[in-house]
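Working notes, beginning with the structure itself.
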Amino acid sequence: MQAAQAGTVTVVTSFPKELTQAYKAAFEKANPEIKIEILNKNTVQGIAYVRELPVGQRPDVFWASAPDAFEVLSGLKLLEPIGDLANKAAPAKVGAYPINAPDNLYLGQALAGYGLMWNTRYMAANKVPAPKQWADLIKPVYFGHVAMSSPSRSGTTHLTVETLLQGEGWDKGWSQLLQISGNSAAITERSFGVPDGVNNGQFGIGLVIDFFGLAGKYSGFPVEFVYPDVTAVVPANIALVSGGKNTAEARKFISYTVSQQGQELLYNPKISRLPILPPEAMGGKTPAGYPNPFEIAKRAKVQFNSDLSETRYNVVSALFDQTITFRLKELQAATKAIHAAEAALAKKPNANAAGLIKQARDAAFSPVVNAQKATDKEFLALFAANKKDAAVSKSVTGLENHWNNSARQNYERARSLAEQALAALK
């Protein structure tokens, strides 16, 4: 590996180039002696990258949305205290959630909530109503019009999924996720694929972190965004990596991102993020009608628990992939068959068909890991263990294969039951 370049700050981030380039350009203009190098990686890849490099070769700054990711880095002793860099004008909390880490190992740099964006032209052309809640998206009218990413591929999607699970509870939350996914047209490779697809009309509706929807809207796309009642407002964070190459310069960059000048960049239409500073501390720069995260947090029904999210991070990601991402076609087919049978039942009541449909729904929309299992300490510890250990890898792979096969069988059974119900109604 090449020696560190003096005056260069290496930033590992999951954020899009519209944001990172704006900060790079503004900071380098104000500090011409310092250069910013951006390494774009999703959150999981970013954590792995930092932990695998030796002291003196690590990047200097970690910048991402997922608070649980910073708890992971903190637990690995990979972060340096930066509490002295905090902006004193920022409130201590947004809702009940601390903006900065109590142990001073990372700072909130922006705020974010989770919700739904949709393309108004697409919705009008397809005669699809605008959604207001997550639960709206389980309705038959949304079949084939929804898109989301996978939590294993996107830290922001992981936060969205975890917010829904915390707000609704494990079993009900997974049931909703399975039904929404069954109505989905795609599970995209990266989180950016969802807002890009909604902006250009490929998809009607996307489950997204708010800045994706707001950036589309304020950049002039025919897009709207709503925060459901079951949402949370949490900080997107920035941290100083222990053992980085240019710590002094990195501290200057972190300080800049939380300063009022740095916070004003969040109002750029292509960025459209929510500052950690309340509107009254932004010197009149807040655009008219811009969302106020502190007001949204007062209404939000979820007080996000990052410790809970961290504890089951790998389980949630693996369960989603094995039962949704890798089995989407079977889930879509089961969902379509259930919708068809329910539509027929609504026109012609039939007790036998109703029973078959209930069995189909139970088969398709019940998680293969129940709430009790999801709190088992040994089970959670297995998924938190190092997969490079052969025994751990074998056990995890065995469970994942079991979930995958169970999901396939459940969806095929659900489709068959729904088709039997439809035949009974003819």
Side-chain angles (χ1 to χ4, degrees), residues 43-44 65-69 71-72 95-97 112-116 131 133-138 146-184 187 191 194 206-210 227-235 297 299-328 331 361-362 364-377 379-384 399-400 403 406-407 410:
T43 306
V44 175
S65 292
D68 38 15
E71 287 298 310
V72 170
Y97 202 100
Y114 311 95
L116 305 167
Q133 308 294 344
W134 306 115
D136 288 341
L137 298 185
I138 72 176
V146 184
M148 66 182 297
S149 189
S150 162
S152 69
R153 301 168 179 170
S154 159
T156 58
T157 301
H158 194 282
L159 288 169
T160 306
V161 166
E162 186 63 53
T163 296
L164 199 159
L165 292 176
Q166 290 189 22
E168 299 289 7
W170 181 270
D171 289 337
K172 183 179 178 183
W174 273 109
S175 180
Q176 278 196 15
L177 279 169
L178 288 163
Q179 292 178 78
I180 292 168
S181 301
N183 273 348
S184 292
I187 304 296
S191 56
V194 177
L207 283 71
V208 294
I209 196 165
D210 56 8
Y227 295 95
D229 293 337
V230 178
T231 193
V233 178
V234 298
R299 303 191 304 268
K301 290 186 176 180
V302 182
Q303 297 299 331
F304 193 84
N305 184 334
S306 60
D307 291 335
L308 175 61
S309 180
E310 179 195 356
T311 299
R312 63 192 192 190
Y313 194 101
N314 293 331
V315 170
V316 168
S317 293
L319 187 58
F320 190 100
D321 276 343
Q322 297 302 329
T323 64
I324 295 175
T325 309
F326 304 151
R327 289 295 173 195
L328 184 62
L331 178 56
R361 293 186 66 84
D362 289 344
F365 305 138
S366 298
V368 298
V369 174
N370 62 29
Q372 182 178 356
K373 184 67 173 178
T375 60
D376 182 274
K377 290 183 179 179
F379 173 72
L380 293 171
L382 175 64
F383 276 82
L399 278 172
E400 290 178 342
W403 297 345
S406 295
N410 289 345

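Bear in mind the structure is a predicted one, so any value in this text is a computation, not a measurement. Start at 1 with the first residue, then count along the sequence.
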Working to the nearest 0.5 Å, report the span between CZ of R327 and CG of L178.
14.0 Å
Determine whether Q176 and E168 satisfy the following criterion, side chain to side chain contact (heavy atoms under 4.5 Å, CB included), listing intermediate values before the conclusion.
CA-CA 9 Å; Q176 278 196 15; E168 299 289 7; 3.4 Å; yes
Quick one: are the ring centres of W134 and Y227 less than 6.0 Å apart?
no
Kindly compute the distance separating CG (N410) from CH2 (W403), expressed to the nearest 0.5 Å.
14.0 Å
For the pair V161 and M148, evaluate side chain to side chain contact (heavy atoms under 4.5 Å, CB included) and give the outcome as yes or no after the intermediate values.
CA-CA 10 Å; V161 166; M148 66 182 297; 4.0 Å; yes
Please report the shortest heavy-atom distance between P67 and L159, naming the atom on each side.
CD-CD2, 3.6 Å
How long is the span from the OG1 atom in T325 to the CG atom in L328, to the nearest 0.5 Å?
8.0 Å
I'd like to check L399 versus F383 (side-chain heavy atoms, cut-off strictly below 4.5 Å). Are they in contact?
yes
Tell me the closest heavy-atom pair linking S154 and S191, and the distance in Å.
OG-CB, 3.1 Å
Evaluation steps, side chain to side chain contact (heavy atoms under 4.5 Å, CB included), between I187 and S149
CA-CA 5 Å; I187 304 296; S149 189; 5.5 Å; no
Applying the side-chain contact (heavy atoms from CB on, under 4.5 Å) criterion to S65, which one of I209, T157, T43 satisfies it?
I209
What I want to check is whether the side chains of Y114 and D210 have a donor and an acceptor closer together than 3.5 Å.
no
Counting C-beta onward and ignoring hydrogens, is there a side-chain heavy-atom pair between V369 and W170 closer than 4.5 Å?
yes
Who are the side chain to side chain contact (heavy atoms under 4.5 Å, CB included) partners of S317, not counting sequence neighbours?
P151, S152, H158, Y313
Looking only at atom types and distance, does a side-chain atom of Q166 sit under 3.5 Å from a main-chain N or O of N305, one as donor and one as acceptor?
yes
Side-chain donor-acceptor pair under 3.5 Å between S175 and Q179, yes or no?
yes
Does S181 form a side chain to side chain contact (heavy atoms under 4.5 Å, CB included) with F320? I'd like the steps, not just the answer.
CA-CA 10 Å; S181 301; F320 190 100; 4.3 Å; yes
Note, I180 side chain near L207 side chain (heavy atom, < 4.5 Å):
yes
Applying side chain to side chain contact (heavy atoms under 4.5 Å, CB included), can you list everything that pairs with Q133, at least two apart in sequence or on another chain?
D136, P228, D229
Value rounded to 0.5 Å, distance of CD in E71 from CD in E310:
5.5 Å
May I ask you to test the Y97-S306 pair for a side-chain heavy-atom distance under 4.5 Å?
yes
Are L137 and N183 packed together at the side-chain level, in the sense that at least one heavy-atom pair is separated by less than 4.5 angstrom?
no
Quick check: do D171 and P367 have side-chain heavy atoms less than 4.5 Å from each other?
yes
About how many Å separate CG of L164 and OG1 of T231, when rounded to the nearest 0.5 Å?
9.5 Å
Side chain of T311, backbone of D307: donor and acceptor closer than 3.5 Å?
yes
Under a 4.5 Å cut-off applied to non-hydrogen side-chain atoms, are V316 and L165 in contact?
yes
Can you tell me how far apart CG (D376) and CG (N370) are? Round to the nearest 0.5 Å.
10.0 Å
Less than 4.5 Å apart, side chain to side chain, heavy atoms only: is that true for R153 and V44?
no
